[in-house]
Amino acid sequence: MRNKNTHSLRARIGREKVSYLMMAPYFILFTMFTVLPVLISIFFSFTYFDMHSMPQFIGWGNYAKLILEDDLFVTALRNTLILAVVTGPVSYLLCVLFAWIINEFRGFTRALLTLVFYAPSISGQAYLIWSLILTGDRYGFLNGTLMQFGFIQEAILWMQTEKYVLPVLIVVQLWLSLGTGFLAFIAGLQTVDKTLYEAAAIDGVSNRWQELWFITLPAIRPQLMFGAIMQITQSFAIADVSLYLAGNPSVNNSGATIVTHLLDYGGIRFEMGSASAIATVLFIMMVGTNKLVQKGLRRIGE
Amino acid sequence: MAGATLKNKHYVLDPKGRPIRIKASKHSKLNRSRAGNMLLFILMAICGLFMILPIVMIVNNALKPPDELFQFPPRLFVRNPTLENFSDLFVLMGDTWVPFSRYIFNTVIITGGGVVGHVLCASLAAYPLAKRKFPGSKLLFSVVVLSMMFSWTVTQIPNYMIISMLGINNTYLALILPAWSFGIGLYLMKQFMEQIPDSIIESARIDGASEFKVFWRIIMPNVKPAWLTLAIFQFQVLWGNTGGMFLRSEELKPMQYAMGQIMAGGAARAGASAAVAFIIAAIPITFFLVCQSSIFETMTTSGLKE
């Protein structure tokens with residue numbers, strides 16, 4: 001048997017055959033149900049397509065319209081950037097922080113704690129509790145509490161007042177932070193070799209913060225990268241919170257985001273060309289951000 | 001020798017083929033100050049109270065009699081708990097278009113098939129990408145990662161066209177097959193598999209294990225936290241699916257759809273709706289707790305070692 005010789009050409013070809021065989025089921029389905037639809041959508045972005053007649057090619061028309069004529073797109077872009085810049089990094093750090101704290105607990109307590117923090121992501125009716133809290137009359141939980149302690153004299157119409165909309169959306173989005181990335185970090189922390197900590201203690205790591213920076217975070221770097229992508233896709237695509245709490249259209253479009261705008265085009269006006277153009281712009285923004293973030297993540301533990 | 005030791009997951013082989021026991025030592029409580037522990041505990045308690053609110057609300061609503069559900073101003077906690085809402089719901093369930101058990105059956109097929117298939121497909125594809133560098137591997141991986149950033153909303157239309165062309169519209173496959181190829185699974189599994197030391201895989205290969213055997217006996221047990229987590233994500237997505245535009249026949253629709261119909265009944269069904277909300281949340285939560293506790297059971301002490 002010569003299969004120990006991993007560098008012989010025949011062995012390499014043989015191995016790659018296995019690789020391709022193992023990947024085949026996934027990538028065949030992936031091409032059909034993801035790659036093709038994405039390519040078709042990008043093609044639609046260069047057409048006028050109302051979902052009834054055939055798409056007509058109009059070149060950069062949809063993109064030009066977004067930038068030159070569509071004032072709402074500029075508002076939506078601005079709101080999305082504010083939401084993404086604030087909630088993205090903060091949510092991400094919260095995921096790391098809470099996953100790390102929960103990692104200190106043992107057994108079923110830990111599963112239960114994980115559930116407590118993941119509750120907003122799994123309970124299905126997360127926004128409902130916020131509409132009770134934010135009700136604009138004096139019986140809303142927030143107004144009631146603030147009035148009781150004398151911070152405000154009159155009930156505030158939280159979701160109907162332009163200046164409160166974005167801040168409230170940010171708070172609710174942060175409350176929803178602990179989702180996919182959080183669970184991935186929790187799972188990642190499970191696979192860290194515990195002897196690393198013993199070795200580190202001998203090497204002079206003297207508190208939990210040093211341990212976090214020099215041992216734990218580098219050990220879960222692959223999960224951190226995964227979490228970053230999930231965070232980027234979530235932060236740039238914020239829409240549900242706004243649709244549910246601020247409504248669509250929201251007061252003076254104060255809660256409009258790129259994705260609510262996209263849904264407007266796609267679901268209400270049936271302009272799939274414009275909707276696809278927005279999706280493509282959003283995609284490019286996310287890809288760019290991801291490049292920067294991944295670069296940053298490589299520097300952890302230095 | 002190797003075959004026997006491979007079957008026992010508590011052993012791995014070192015580069016020379018000798019079995020090493022994975023040490024099950026207690027997690028070291030090094031570098032922990034008491035003040036720090038207290039601080040963290042208080043922080044956790046305060047945040048936890050806010051995070052658990054939606055579950056508290058769902059449980060309380062499900063137990064509220066109608067007069068409390070419509071009480072103004074609304075109260076979070078129930079005063080006179082009753083199971084009336086659930087008995088109302090069971091009456092409604094007996095009165096659906098097709099027998100309610102059919103909806104449950106559909107949900108089991110779609111969710112079960114989607115979760116198991118996705119975990120298998122994605123893990124199988126992730127292994128070569130993580131552990132074998134071959135021409136095209138980087139490209140394939142970045143295509144998957146990039147695809148996750150394209151808005152799902154606009155790809156729905158092309159997706160519908162493709163599913164119709166394949167002739168699987170209005171079958172379970174229209175929901176299950178796309179679910180097998182979601183980007184998230186491949187990415188998550190690949191990230192975890194990358195961390196497995198090459199020496200473990202290499203020694204298994206030297207002992208004559210086929211690649212599929214390496215995958216099944218070495219890789220998958222070592223990334224158990226990853227696929228249990230993936231199962232949770234996928235379960236949530238498929239559980240929440242109402243069948244939408246892909247399943248038109250009533251006898252193919254999942255439970256989520258039937259539950260939605262009950263909730264759409266408005267004020268007259270407020271009680272039953274509250275019970276529905278409870279069940280819709282309770283099942284994924286149960287699944288979550290089962291998965292999370294088995295992550296912790298198996299991996300509490302081992303971790304990945306060279």
Side-chain angles (χ1 to χ4, degrees), chain A residues 4 15-16 18-19 22-23 25-27 29-30 32-34 36-38 40-41 101 107-108 110-111 114-117 119-120 122-126 129 132 139 180 183-184 187 190-194 197-198 201 207-208 211 222-223 226 229 233 262-263 266 272 275-276 279 282-283 286-287, chain B residues 27-28 30-32 36 40 44 48 51-55 57-58 73-74 121-122 124-125 127-128 132 134 145 147-151 153-155 157-159 162 177-178 180-181 186-188 191 194-195 206 211 225-226 229 233 277 280-281 284-285 288-289 292-293 295-296 299 303-305:
Chain A
K4 279 184 190 179
R15 272 190 179 190
E16 279 161 26
V18 175
S19 298
M22 286 176 137
M23 292 189 304
Y26 180 87
F27 276 97
L29 293 173
F30 180 74
M32 280 194 304
F33 298 118
T34 304
L36 281 178
V38 168
I40 295 172
S41 296
I101 296 174
F108 192 71
R110 174 187 192 141
T114 315
L115 173 65
V116 167
F117 287 94
I122 204 175
S123 56
Q125 286 198 327
I129 187 84
L132 285 184
Y139 298 114
T180 321
L183 286 196
Q190 286 296 304
T191 61
V192 178
D193 181 352
K194 303 296 185 288
Y197 296 108
E198 289 155 27
N207 62 49
R208 68 178 96 203
E211 195 182 283
Q223 285 79 15
F226 170 83
I229 298 256
T233 55
L262 185 158
L263 291 169
M272 279 317 291
S276 301
L282 187 63
F283 173 69
M286 288 190 198
V287 173
Chain B
H27 175 64
S28 53
L30 299 162
N31 299 326
R32 295 292 179 272
L40 287 181
M44 293 286 280
M51 306 301 275
I52 198 79
L53 273 179
I55 294 183
M57 189 182 70
I58 288 170
C121 259
L124 207 53
Y127 168 49
R132 304 164 147 268
F134 54 87
V145 174
S147 78
M148 293 169 73
M149 291 184 255
F150 202 89
S151 177
T153 327
V154 289
T155 56
I157 308 280
N159 230 326
I162 289 167
L177 286 184
W180 284 12
S181 64
L186 185 113
Y187 191 16
L188 187 72
Q191 297 301 84
E194 243 172 26
Q195 294 173 303
I206 290 167
E211 282 301 288
T229 304
F233 296 148
I280 284 179
I285 287 175
F288 176 92
L289 281 176
Q292 284 293 335
S293 17
I295 289 178
F296 297 143
M299 301 296 288
L304 295 173
K305 296 185 183 198

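Lettering of chains follows the sequences in order, A, B, ..., and the numbering in each one begins at 1. Heavy-atom basis, side chains included; hydrogens, waters and symmetry copies ignored.
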Audit row: B:Leu186, A:Phe27, side-chain contact (heavy atoms from CB on, under 4.5 Å) steps and yes/no: CA-CA 10 Å; B:Leu186 185 113; A:Phe27 276 97; 4.2 Å; yes
State which residues pass side chain to side chain contact (heavy atoms under 4.5 Å, CB included) with A:Ile122; sequence neighbours excluded, sorted by chain then number. A:Leu115, A:Tyr118, B:Gln236, B:Pro284, B:Ile285, B:Phe288
Is chain B contacted by the side chain of A:Thr180, its backbone, both, or neither, given a heavy-atom distance below 4.5 Å? both
Give, for atom CD1 of B:Ile58 and atom CD1 of A:Ile129, the distance between the pair rounded to the nearest 0.5 Å. 9.0 Å
Who wins among B:Thr229, B:Ile55, B:Leu188 for the most heavy-atom pairs under 4.5 Å with chain A? B:Leu188
Looking only at heavy atoms, the pair that brings A:Met22 and B:Glu211 closest together is CE-O, 3.7 Å
Please name the pair of heavy atoms, one in B:Ile162 and one in A:Met32, separated by the smallest distance, quoted to 0.1 Å. CD1-O, 3.3 Å
Applying side chain to side chain contact (heavy atoms under 4.5 Å, CB included), can you list everything that pairs with A:Pro120, at least two apart in sequence or on another chain? A:Trp175, A:Leu176, B:Met51
When rounded to the nearest 0.5 Å, the distance separating CG of B:Leu124 from OG of A:Ser19 is 10.5 Å
I'd like to know which of B:Pro178, B:Ala281, B:Gly48 tops the heavy-atom pair count under 4.5 Å against chain A. B:Pro178
Value for OG1 (A:Thr34) from CG (B:Asn159), rounded to nearest 0.5 Å, stands at 7.0 Å
What option among A:Ser276, A:Pro25, A:Ser41 has the most heavy-atom pairs under 4.5 Å with chain B? A:Ser41
Does any backbone or side-chain atom of A:Leu132 lie under 4.5 Å from a heavy atom of chain B? Answer side chain, backbone, both or neither. side chain
Taking all non-hydrogen atoms of both residues, which atom of A:Thr233 and which atom of B:Met149 are closest, and how far apart? CG2-CG, 3.7 Å
Side chains of B:Met44 and A:Val116 in contact at under 4.5 Å (non-hydrogen atoms): no
Against chain A, label B:Ile157 side chain, backbone, both or neither, depending on which of its atoms sit under 4.5 Å from a heavy atom there. side chain
Which atoms of B:Phe233 approach chain A - backbone, side chain, both or neither, heavy atom under 4.5 Å: side chain
Exercise: identify the closest heavy-atom pair between A:Ala279 and B:Ser151: CB-CB, 4.0 Å
What heavy-atom pair brings B:Cys121 and A:Tyr26 nearest, and what distance separates the two atoms? O-CB, 3.7 Å
If you compare all heavy atoms of A:Gln190 against all heavy atoms of B:Ile295, which two are closest, and at what distance to 0.1 Å? CG-CG2, 3.7 Å
Just so I know, are the side chains of B:Gln195 and A:Gln223 near enough to count as touching, which here means a heavy-atom distance under 4.5 Å? yes
